[in-house]
Amino acid sequence: MSVSHPSQAEVDAARDDPKLANVLYHDWESVSYDEKWSISFDERCTTFAVDRFRAVNPGEATYDHALELGCGTGFFLLNLMQGGIARRGTVTDLSPGMVEVATRNASALGLDVEGRVADAETIPVPDASVDLVVGHAVLHHIPDLDTAFREILRVLKPGGRFVFAGEPTRLGDLYARKLGQATWWATTRFAPSSWLKPQAELDESSRAAALESVVDQHVFDPDRLERYAHAAGAVDVRVVTEELSAAVFGWPVRTFEAAVPPEKLGMGWAMFAYRAWQRLSWVDEHLLSKVVPRSLFYNALVTGVRPADPVSL
């Protein structure tokens with residue numbers, strides 16, 4: 001699939017139009033998104049997705065029909081389906097490019113998935129028609145979260161659940177951005193030129209980063225996420241946070257990788273980065289979470305349930 005990159009004029013216009021920015025940015029990123037974020041549909045990412053889901057919603061339940069908002073290339077829902085969380089799915093995104101890639105990935109995996117270009121504030125499915133709504137790193141892109149949460153509750157069947165992971169906390173986003181900016185500055189100035197991607201690619205990455213700052217609409221205090229869910233009418237609402245030392249390690253690593261061709265780093269680097277992140281995530285979950293306030297962690301995860309309809313007498 002060939003996707004033309006937006007012009008500087010389009011990037012400038014998108015600064016005042018977050019939905020246009022989301023479409024431009026995610027269409028732009030759709031071709032290389034899996035590589036950029038080390039997304040795959042194998043045991044590594046399936047385990048990661050299922051672990052994120054169960055971190056906020058423990059249990060072994062399987063859902064018949066799941067819908068994903070802001071699906072990207074399908075990372076969250078397709079891996080949840082492979083992990084036995086859902087039997088069939090619908091992927092939605094504002095970006096046609098992302099929906100195209102996600103449905104192609106689902107077809108290659110033999111999964112029962114349909115795709116729709118859709119806005120999270122006007123989800124194009126009937127009332128009470130899905131058992132589970134999921135998303136990964138999507139809520140912070142949605143301008144009107146009050147409307148989006150009402151839509152989520154509308155499309156869920158009574159007793160249906162939503163689970164969102166990968167949402168940046170206010171403090172986590174602050175230190176992640178600072179670390180990423182410092183790493184990009186140091187890498188592009190001091191790394192040998194033979195190690196860096198061509199200058200044209202680095203310039204494209206900088207332009208994409210400018211759009212990324214527009215598409216990111218929110219950062220969250222955990223209490224604020226809970227309030228959005230409760231205000232929409234959800235019950236059994238729960239927010240947990242994760243990644244502190246793992247984020248402090250991971251953001252410089254990910255930024256460095258964005259500036260260097262993968263072939264320069266090799267599989268040894270990839271395994272080092274992944275194993276180190278795993279070990280630090282264990283420290284975060286089993287040690288730091290016991291003593292550090294949840295607002296200091298990088299990621300927030302939220303779940304809730306649409307109340308059962310009252311029984312008519």
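In this structure, Arg306 does not pair ionically with Asp236, as no charged nitrogen and carboxylate oxygen lie closer than 4.0 Å. A salt bridge is defined here as a Lys NZ or Arg NE, NH1 or NH2 lying under 4.0 Å from an Asp or Glu carboxylate O, and Asp173 with Arg177 meets this definition. Between Glu242 and Arg54 there is no salt bridge, since no side-chain nitrogen of the basic residue lies less than 4.0 Å from a carboxylate oxygen of the acidic one. The pair Asp112-Arg87 does not count as a salt bridge, with every side-chain nitrogen at least 4.0 angstrom from each carboxylate oxygen.
Ring geometry for Phe220 against His218 counts as parallel: the plane angle stays under 30°, on a 0 to 90° scale with 60° as the upper cut. Note on ring orientation: taking the six-membered ring where Trp is involved, the planes of Phe162 and Phe149 are perpendicular (angle over 60°, cut-offs 30° and 60°).
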Applying ring pair (Phe, Tyr, Trp, His ring centres under 6.0 Å), run through Phe256 and Trp184 and close with a yes or a no. CA-CA 7 Å; Phe256 175 72; Trp184 183 263; over 10 Å; no

Derivation and outcome, salt bridge (charged side-chain N to carboxylate O under 4.0 Å, His left out), residues Arg116 and Glu114: CA-CA 7 Å; Arg116 299 185 185 183; Glu114 65 169 338; 3.6 Å; yes

Might you work through the ring pair (Phe, Tyr, Trp, His ring centres under 6.0 Å) test for Phe75 and Phe41, ending with a clear yes or no? CA-CA 7 Å; Phe75 156 72; Phe41 300 94; 7.5 Å; no

Is there a ring pair (Phe, Tyr, Trp, His ring centres under 6.0 Å) between Phe190 and Trp185 once you walk through the steps? CA-CA 8 Å; Phe190 300 119; Trp185 182 87; 5.4 Å; yes

Would you check, one step at a time, whether the test side-chain contact (heavy atoms from CB on, under 4.5 Å) holds for Thr241 with Thr169? CA-CA 8 Å; Thr241 55; Thr169 64; 4.2 Å; yes

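Ser245 and Asp284 form a side-chain donor-acceptor contact under 3.5 Å, judged by distance and modelled atom types alone. For the residue pair Ser107 and Arg104, no side-chain donor N or O sits within less than 3.5 Å of a side-chain acceptor on the partner.
Note: Arg52 CZ to Phe76 CZ = 8.5 Å, rounded to the nearest 0.5 Å. Note that CD1 of Ile85 and CD of Glu60 are 7.5 Å apart. Values are rounded to the nearest 0.5 Å.
Within the cation-pi definition used here (under 6.0 Å to the ring centroid, within 45° of the axis), Arg161 does not qualify as a partner of Tyr63. Seen from the ring of Tyr228, Arg224 does not count as a face-on cation partner, given the 6.0 Å and 45° thresholds.
Remark: the backbone N or O of Asp144 is paired with a side-chain donor or acceptor of Glu121 at under 3.5 angstrom. Counting only distance, with no hydrogens or angles, the side chain of Glu167 and the backbone of Leu139 share a donor-acceptor pair below 3.5 Å.
More than 12 heavy atoms of other residues, nucleotides or ligands sit less than 6.0 Å from atom CE of Met271.
Of all the heavy atoms in Asn79 and Ser40, the pair that sits closest is ND2-O, 3.1 Å. Nearest approach of Thr62 to Gly84, heavy atoms of both residues: OG1-O, 3.0 Å. Considering all non-hydrogen atoms of both residues, Ala66 and Leu77 come closest at CB-CD1, 3.7 Å.
Contact check for Ile152 versus Phe164: side-chain heavy atoms found under the 4.5 Å cut-off.
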